[in-house]
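To start, the structure itself, in structure tokens.
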Amino acid sequence: MRADLHLRLSRLLRLSLLAALVATAVSLPPTPARAGLGDSLPRGTFLIDAAYIYAQTNRQFDKDGKSVPLLAPVERYEAGAGLQGIIRAKPVLHQQIVALQLLYGITDRLTIGFGGPLSLSTVIYTNLGWEPGDYQASLGRPYSESDFWEWAASMGQGKPKARAESNVNAWGDLVLALRYRLPETEWMLKHHLSWTVTLQGALPTGREKDPEELVEIGTTAWWLHNYGDLELHLAADWRPYWTGDVSRLTFSGEVYYTYNRTRTYDTPRGTKHPLLLNHAPFVGDTYRINGGDWQVGRAQVEWAPFIGPTLGTWMTKGSVEAARRFPPLLTLMVQYTFVNLQPTVWESDYDLWSIDQAEFWGKGFKHIFAAQATLSLLRVGAPVMLYVRGRSLDLVPGRNMRPANAITVGMRLLAKFW
Amino acid sequence: MTASRSVYAQPRPRPALAPRRLAALVTLLALSAPACTEQPVGVYRETIHLRGTPYERGLDHGKRLRPRVRAFYTKLLDTALLPNLNREQPSISGFLTRYAGPTYADGQFSYRVLLEMAQSVESQLPDRYKDEMQGIADGSGLTYEQVLILNTFPDTVLAVRSIAATLRYSRGPRVLRWQFIGWKDGKGEQRKEQDYDPGPTALAAEIPTDAKLRIVLADPEGVAPETVRLQLDTRVYEPGDPAIVTQALPTKDGEPKELEVVLTPNGPMPAAAVQSLIIQAADTTIADDPLPAHPRFGREETITFSTVGYGKTAAEIPNIGVDDGRTRPPPVAFAVKGKATVDGAPILAQHFALLDAGAAHEATTLFVHHPVAGDTAPAHAYVSWAGLTWGFSGMSQAGVAWGCNFSDTLDTAILKDLIPQLSKIENAQLTSTGWPIGLAMREVSRGAKGSDEAIATLAGLQHVNGWNCVIADKAGALRVAEIDAETEPIPNDIPQAVTPVKWNGTPESSPASDTPDDIRASVHYVQKVQDVDPALPVLAAALLPPGVPIRVDMQRVVSSYFFKSLLAFNNLGRVITERYGKIDVAAAQEILADKRFVDFSDSMNAVVFEPASGRIHHAMGAVPATDAPWQTFTFGDGGP
């Protein structure tokens, strides 16, 4: 008898879980007037931020920080006949997202923001490989890859698709945020210190994956794993070096806490993959995922190497003086973020299944490094800021996380109607 | 009912608690503070005490183990075994045409077949077991049909497997004759070829080291020369190797076509050594249903012989082949006492392997049944899985321990039920009227006070499949019961389904023992070597339509387990001999964990019983089972 295909390949399910990390940046961007994290929009100012993000994930860091494939090799044994072979998968996830945000300065201190990610597409390449095992007397040869999948197909389970695309033009969880610039003391004003507190919450507008699909992810905050359901931020900026009205150097710090609510998911019944995803009979009709909360610390340095020309334009009604308060033409930023991940916990009727799902979702952390260059045209009469940003999560290995490196190209438009 | 859980898995993180969230919110220090506690949560085995009426026991069992019962059924049957068994539909429906009908279409073949056989098993069972299964169904939420299948499938599936494997191998070539070219008789003349008959000992002894090996294969469609693969000891001669020379032999019309194969080894074989030859070949057709497509191979045969100077006769050399590490050992069991053990007390040990499928190790359970008022049966326990009313090993408080290994045979209840239907083969149905071995051993535990009573109990039951059960009692009576269905063309009143094996005075006359104080078994018969009635092949040939490819033959001829069982059985004998007089519980546990007896992918449980002291030691919940720590249960502790 030989029959344990499903158990090993069921790890493929994890592909959809593990490969879920893409980079979106929905938290409020810095204000147009000044760089940093601890500032707010001027009263009556609208800011539209639109960014295209491309992210890729192809591996994970385990609990010891070791880089391992998103799927461990699966050794297939046939009862009494030795090793059929080893399935080696190197799945790669490509995610394209447009992050859209609209912010408005209610007062000089209070800014409201609304936005979220719009997924253009998620493409997952499974990259399944095969290492032949022992000689099989029943076949007269070791199982080839096609032999193996033909064998699996004869039991009702076809080979997973080599390329799976999903989340085409699908919204993620939209975010509503409020940022308040806290009152400064005389000492803070004297030393160019500002600080803000931000509260943001995600609305359940994202798309959940089809539970019956093997190679797919959703677009909710849980899947994107870049922002939480509720976040409370405290940020501060220090601008010690100025040229006229332009801060040439800004040091910023931020801490925030992210709460992730428990989510309930439908358990697959194997309607599409009868041997791999028939879990409902013992897991229950639904299961729950407690995403675990995050504690985040962030440090950032921005440098304005080039202020550029300053013109009196329609934006300032011809006032050069007013234009000098706009951001410099070029700003460079480097940023480091540490994210402490509390364990993600699966809860179901079957404890062993729950534990198995959480294998790579124990406590962990991420080291995120980012760099950005921003070109601001405000000083020359165009209410536009263009930026390009790179983000890496694998320069320093994390623990129990999937590094999703990303590159972002974005644009901010400013408008003030009164 | 009460339950205790065993925890041995690696510690896994538990979720952080809400207060920690608050703490982390307040201070940055929380970022580096432990975010979770390390608590072990992997529970893979349980001990369940059952009391009450059979239904109440089943109900508690089903309720307490509900998710495990459901997971075991789904993962082992729904998503593994049933789809795998569906692969056999083409070969079986080619023989029994009713299984090509619509009732068995759309993937329903395996479920329907197992259910029909389960229902024929059920007809033999007393109400207490049916009530217990009904309780499990009610407690777990499975249907009664599902629980019935779960409790009968090992016997019925193994019986079907025997037929399916035989059908498959029947389509491939057979080894007809053998000869060593250059091996001369006392007169200096080349010895003649001999008919091949697989057996437990070597075919020949004192073969010249420069001899060539000649075999003759036969197949109705013809043997494909390009598929002949030979392995002389560890040296593999792949198809097409120039060392293999083949030649078609003339045959008469209507007779299987013969192919002569001569192997000229690349160099002289070592002198004074035991050598083995593994033979494999396919016919000229391709089997493509089910996929993957492949030539039709016959059974892989193992021939053992010795070279000059070894000094033993062929009958003295076991046919164990070469242990090349590719073979997964089948289950083994042994019992020792007296001079074999440290304190003289009897010990019975078993390492059972069949199929894990990523499911069995998660369902392992020790069930302890406690007597209630009015029930004369003693407390008894068996090592099992969630949802089952029996196990492959167990012990009663009366001091009777047992461990059963499956034993591949065509003499099953299926064949017994099929014989009367052979004249109308198109409507013949697979049923298996008889007792599953686990429930038969429940009867042993309920009533037998010693090993001989256990044998007598088994002899009074009709069995579904072939089994080799090692039995030991607290007085030290060591027995092996070799079981089959004892199918006979003409039913008679003499029950011979159970062949007892015990010490008979000498090792030569005691095929399972080397001394009075040891006995062992794997998955081949050592005494019931004529497991199939000689009249059956003749009857089958007379009744089956022409061309139906089934051989009703003896275990040693048809079983794919036969040679690997010989290897395990002989290895076990060696280990017992090496440790003779020093065997205690720890030593028995070490033996069971010896890699020669460990199927690393389908090991299911390992047990050591002390029938005199009522102690059960078990390792399970991991694959292989012996990777799990051993735990001990003692009768009298009783449980809450």
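In the text below, chain A, chain B and the rest are named by the order of the sequence lines, each starting its count at 1. Because only heavy atoms are used, hydrogens play no part in the values below, and waters and symmetry mates are left out as well, while side chains stay in.
Shown here for P83(B) and L275(A), the closest heavy-atom pair between the two residues is CG-CD2, 3.6 Å. Here the closest non-hydrogen pair linking Y350(A) and E362(B) is OH-OE1, 2.7 Å. Residues F297(B) and L139(A) come closest through the heavy atom pair CE1-O, 3.1 Å. Among all heavy-atom pairs drawn from R328(B) and L83(A), the shortest one is NH2-N, 4.2 Å. Minimum interatomic distance between E300(B) and Y135(A) (heavy atoms only, all atoms of both residues): OE2-CE2, 4.3 Å. Looking at every heavy atom in both residues, P292(B) comes nearest to Y143(A) through CG-CE2, 4.3 Å.
The main-chain N or O of S138(A) is found under 3.5 Å from a side-chain atom of H294(B) such that the two form a donor-acceptor pair.
P281(A) touches chain B through backbone and side chain together, each having a heavy atom under 4.5 Å away. Contacts between A282(B) and chain A at a heavy-atom distance below 4.5 Å are absent for every atom of the residue. Contact annotation for A281(B): neither backbone nor side-chain heavy atoms come within less than 4.5 Å of a heavy atom of chain A.
Once rounded to the nearest 0.5 Å, the distance linking CZ of R269(A) with OG1 of T74(B) reads 10.5 Å. A distance of 7.5 Å separates NE2 in H279(A) from NZ in K75(B), rounded to the nearest 0.5 Å.
Other residues, nucleotides and ligands contribute more than 12 heavy atoms inside 6.0 Å of the CH2 atom of W130(A). Residue-environment remark: CG (D64(A)) exceeds the threshold of 12 foreign heavy atoms within 6.0 Å. Open room surrounds NZ on K63(A); 12 or fewer heavy atoms of other groups in view lie less than 6.0 Å from it.
In this structure, D349(A) has no salt bridge (Lys or Arg N to Asp or Glu O under 4.0 Å) partners at least two apart in sequence or on a different chain.
The candidate from T227(B), L142(B), L291(B) with the greatest count of non-hydrogen atom pairs under 4.5 Å with chain A is L291(B).
Proximity of R141(A) to P295(B): side-chain heavy atoms (C-beta onward) are separated by under 4.5 Å at one or more points.
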Note to self: Evaluate L352(A) against R68(B) for side-chain contact (heavy atoms from CB on, under 4.5 Å), listing each step before the verdict.
What the structure shows: CA-CA 9 Å; L352(A) 296 183; R68(B) 282 166 200 261; 4.0 Å; yes
